[in-house]
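Written below as structure tokens is the structure these notes are about.
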Amino acid sequence: MMMNFLPQPKSIVWKEGSFILDYSARIVLENGEPGAFLYAKMLQKEAEQAAGMRLAVIRGQARKGDICLRIRPGIMGEDADSLKKKQGYRLQVAGGQAVVEAEREEGLLYGVQTLCQIIRQAGCVLPACEAKDWPDYKDRGFYHDATRGRVPTLATLKAMADRLCMYKMNQMQLYIEHTYLFRDFSEVWRDDTPLTAEEIMELDEYCRERKIDLVPSLASFGHLYKVLRTSQYEELCELENSRKEPFSLRGRMLHHTLNAADERSMALSKKMIEEYMALFSSDYFNICADETFDLGKGRSRRLKEEIGLEHVYINYVKELCQFVVDHGKIPMFWGDIICGFPEMIKELPKETICLNWGYSPEQSDEPVKKLAAAGATQYVCSGVNGWNHWIPRYHDAYRNITKMCRYGRENGAIGVLNTDWGDFGQINQQEFSVPGLIYGAAFSWNGEEMAEEEINRRISVLEYQDRSGRLTEIVKEISGKEAVTWKLLCDYREVCEQNPEPEEQEKRLAQYMGEELEIPVDVDVFCRKAERLNEEIAGQMAEIRTVLTQMDSSSRSTASHFLVAADGIRLMNRLAAMVMDRHWKGNRFSREERSALAGQMENWLYYYKEMWRASSKESELFRIQGQICWYADELRRI
């Protein structure tokens with residue numbers, strides 16, 4: 001029987017024979033490690049679901065017919081490096097027993113996950129084999145935006161941790177700007193549904209039990225849009241009068257950096273960091289400090305002219321990093337700004353880790369090489385490519401993640417952090433990012449790159465329990481069939497509402513459309529393309545419905561969610577065609593067609609909101625609802 005693994009073990013040898021898992025078997029813990037009981041319960045659950053047997057968990061000496069979990073010093077070899085010793089494991093299925101051995105608890109957990117994947121596919125007849133395995137990277141993380149649109153429920157975050165554990169990942173970060181219930185910042189979070197201290201501490205403990213380091217990540221320099229639009233803190237914004245500007249999804253991505261020349265800014269950053277840091281057991285703290293686009297353009301202009309923009313930036317980051325170090329933590333920060341002057345990495349505390357990101361499918365290795373040459377300790381940070389899309393672009397994610405994991409190995413990076421951002425409202429479900437999450441898990445553990453079609457087949461089999469192995473590839477094809485991105489539709493509305501002068505409106509629209517389309521748009525060609533894409537999506541939705549019969553009942557809800565998202569893409573494609581037709585003053589669609597689309601969008605929105613609320617707090621769902629309703633009104637008004 002062919003076995004599918006994610007990640008693929010470094011070494012696995014198949015042997016003659018099999019081990020029959022009998023109802024009377026025990027899962028035996030031969031040592032006293034406290035975490036091993038949880039790992040045994042994971043095995044117990046998998047055996048019950050896949051083989052129909054609820055095996056008892058005991059401590060003592062394993063017998064023939066049992067599954068044995070054992071800590072055994074030296075099992076990875078006397079000359080093994082520290083990474084292999086800490087996180088490596090050995091699995092043997094032979095001689096009437098299944099044995100997982102490791103030098104440390106982490107390795108024991110990862111060996112259990114490999115055995116769980118075998119049981120999931122083989123049931124109670126386990127093929128004889130021997131595996132010896134360890135990761136390439138010490139740290140293998142997933143980064144989720146819990147600020148710009150969605151705040152996941154605690155149950156969703158725990159499910160995310162379970163999934164990370166299953167695929168042998170050991171770090172998790174949540175991006176926070178204003179969506180934590182800070183004690184003294186009620187004006188910042190009052191119109192949102194923030195995470196609470198209790199939720200974060202409970203998640204921290206849940207992750208720690210699964211050998212996942214929940215690392216706090218907090219915007220503390222740039223990207224403080226909602227913080228700096230409050231009456232309490234608007235004076236600390238680099239740009240003057242920023243609070244008077246109407247809310248903008250595009251503006252949130254580009255503006256609102258702290259004024260580094262005002263000492264009150266540093267006091268605010270430190271106050272936020274100190275309160276938030278106290279909730280976590282992690283040895284790390286990510287201060288972010290990325291995309292400080294406005295720095296030196298407003299209130300800190302004079303300081304920039306005196307010492308230079310690079311020094312304004314590095315001095316602020318240096319003080320924040322030292323503050324983190326003084327509190328006994330290791331600072332992290334995003335590397336996009338310092339890549340412009342990498343030699344200044346030496347000015348930061350020696351403990352500092354640079355998170356070097358690049359999300360393009362054509363990503364170059366130059367930034368990674370540049371920081372490595374400057375002596376930076378770095379993670380390589382890839383992306384699942386879900387931002388601005390109803391379904392992440394899996395093909396682009398695969399290409400980006402494989403490249404970044406490779407670049408990190410070649411340049412001595414110590415970790416991989418795979419990111420899932422929420423630009424323009426985090427419109428896609430968190431569960432849709434799972435294939436991208438798994439790409440990061442697979443290629444940070446084992447550098448032997450797997451073909452895209454093959455890893456997608458394995459994801460279908462292992463994650464979605466799809467016997468046909470087709471689901472992920474089908475959804476990948478749908479994900480690339482958007483006529484325009486959600487970002488462009490958001491931009492179009494903002495331009496129409498916020499620019500009453502026709503000349504300025506046309507200038508802005510041409511700029512934003514030009515980021516995605518050839519201007520001027522050939523509307524006939526565009527409309528035919530949108531129609532063709534929708535026909536293809538309809539065919540792929542029919543394929544998903546066929547695949548549903550090949551899936552385990554516990555996984556079918558995910559497939560149904562993909563159908564909702566696919567239908568959303570079809571509606572947005574037709575909407576885009578009508579918007580382009582209107583903009584270039586065409587007359588291709590009748591009043592009845594426009595009105596019909598408005599009704600279809602509103603009906604679809606009902607089911608989308610149900611899907612959102614099943615996994616996320618209310619948060620900024622109202623913004624997405626507002627966009628859909630605005631376009632529905634426009635369609636009826638034209």
Side-chain angles (χ1 to χ4, degrees), residues 3-15 17-22 25-51 53-77 80 83-135 162 165-170 209-212 441 445-446 462:
M3 284 282 144
N4 301 287
F5 295 104
L6 289 169
Q8 177 65 32
K10 288 281 197 307
S11 169
I12 186 161
V13 178
W14 300 103
K15 301 185 176 182
S18 60
F19 165 50
I20 307 299
L21 197 58
D22 191 70
R26 303 286 190 272
I27 300 172
V28 182
L29 310 178
E30 286 202 350
N31 308 95
E33 278 66 21
F37 179 69
L38 174 63
Y39 316 154
K41 297 293 285 184
M42 293 175 181
L43 264 175
Q44 183 188 62
K45 181 179 178 181
E46 194 66 56
E48 186 171 14
Q49 290 179 341
M53 300 177 187
R54 193 176 192 282
L55 308 180
V57 177
I58 66 171
R59 290 192 185 276
Q61 191 70 34
R63 302 177 183 178
K64 187 174 182 179
D66 290 341
I67 297 175
C68 174
L69 307 185
R70 177 190 300 145
I71 296 293
R72 181 179 164 191
I75 188 64
M76 298 306 294
L83 179 57
K84 289 182 185 178
K85 286 185 176 181
K86 186 174 181 180
Q87 300 191 37
Y89 66 89
R90 184 180 177 188
L91 167 65
Q92 288 183 297
V93 179
Q97 247 187 6
V99 180
V100 181
E101 298 177 302
E103 307 233 0
R104 301 278 293 274
E105 276 193 17
E106 293 96 318
L108 195 65
L109 171 60
Y110 301 143
V112 163
Q113 297 298 353
T114 298
L115 183 55
C116 281
Q117 291 189 11
I118 291 175
I119 293 171
R120 176 169 294 192
Q121 298 168 84
C124 60
V125 183
L126 310 186
C129 64
E130 181 173 350
K132 197 169 186 179
D133 196 17
W134 63 93
D162 287 335
C165 180
M166 175 180 177
Y167 296 111
K168 304 184 176 74
M169 300 181 79
N170 63 357
E209 290 171 347
R210 287 152 181 79
K211 300 302 177 185
I212 297 167
W445 182 278
N446 188 335
L462 283 172

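Since we're looking at a predicted model, the values are computed, not measured. Along the sequence shown, the residues carry numbers beginning at 1.
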- Task: Take Arg120 and Glu46 through the test side-chain contact (heavy atoms from CB on, under 4.5 Å) and record every step on the way to the result.
- Result: CA-CA 7 Å; Arg120 176 169 294 192; Glu46 194 66 56; 3.1 Å; yes
Any side-chain heavy-atom pair of [X] and [Y] under 4.5 Å:
X: Pro135; Y: Lys168; answer: no
X: Glu130; Y: Arg90; answer: yes
X: Thr114; Y: Val100; answer: no
X: Phe19; Y: Gln92; answer: no
X: Phe37; Y: Leu29; answer: yes
X: Cys68; Y: Glu30; answer: yes

- Message: Does Lys86, at its NZ atom, have more than 12 non-hydrogen atoms belonging to other residues, nucleotides or ligands within less than 6.0 Å?
- Response: no
- Message: Looking at Arg63, I'd like to know if its CZ atom is crowded, meaning that more than 12 non-hydrogen atoms belonging to other residues, nucleotides or ligands lie closer than 6.0 Å.
- Response: no
Check: [Y] main-chain N/O paired with [X] side-chain donor or acceptor under 3.5 Å:
X: Asn446; Y: Gln8; value: yes
X: Arg70; Y: Ala102; value: no
X: Gln117; Y: Leu462; value: no
X: Gln121; Y: Asn4; value: yes
X: Asp133; Y: Lys10; value: yes
X: Glu209; Y: Gly35; value: no

- Query: Which is it for Lys132 and Ile75 under the side-chain contact (heavy atoms from CB on, under 4.5 Å) test, yes or no, and what are the steps along the way?
  - Reply: CA-CA 10 Å; Lys132 197 169 186 179; Ile75 188 64; over 6 Å; no
If you look at every heavy atom in [X] and [Y], which pair is closest and at what distance?
X: Ala80; Y: Lys85; result: O-CE, 3.3 Å
X: Ile118; Y: Cys129; result: CD1-SG, 4.1 Å
X: Leu108; Y: Ala36; result: CD2-CB, 4.0 Å
X: Leu55; Y: Ala47; result: CD1-CB, 4.2 Å
X: Ala50; Y: Ile119; result: CB-O, 3.4 Å
X: Pro127; Y: Trp14; result: CG-CZ3, 3.7 Å

Rounded distance (nearest 0.5 Å) linking atom [atom1] of [X] with atom [atom2] of [Y]:
X: Leu21; Y: Leu126; atom1: CG; atom2: CG; value: 5.5 Å
X: Ile67; Y: Arg26; atom1: CD1; atom2: CZ; value: 12.0 Å
X: Glu105; Y: Leu69; atom1: CD; atom2: CG; value: 11.0 Å
X: Gln49; Y: Gln44; atom1: CD; atom2: CD; value: 11.0 Å
X: Gln61; Y: Asp66; atom1: CD; atom2: CG; value: 10.0 Å

What residues, two or more places apart in sequence or in another chain, satisfy side chain to side chain contact (heavy atoms under 4.5 Å, CB included) together with [X]?
X: Ala131; result: Ile12, Leu91
X: Met42; result: Leu38, Leu109, Gln113, Cys165, Arg210
X: Asp22; result: Ser24

- Task: Give me the ring orientation class for Trp445 and Tyr110: parallel if the planes are under 30° apart, tilted from 30 to 60°, perpendicular past 60°.
- Result: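 Rings of Trp445 and Tyr110: perpendicular, as their planes differ by over 60°.
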- Query: Could you go step by step and tell me if Leu43 and Val57 meet the side-chain contact (heavy atoms from CB on, under 4.5 Å) rule?
  - Reply: CA-CA 10 Å; Leu43 264 175; Val57 177; over 6 Å; no
- Query: Hey, which of Arg72, Lys84, Met76, Gln87 is the one that makes side chain to side chain contact (heavy atoms under 4.5 Å, CB included) with Glu103?
  - Reply: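 Output: one option passes, namely Met76.
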- Query: Checking side-chain contact (heavy atoms from CB on, under 4.5 Å) for the pair Glu33/Tyr39: CA distance, chi angles, key distance, verdict?
  - Reply: CA-CA 11 Å; Glu33 278 66 21; Tyr39 316 154; over 6 Å; no
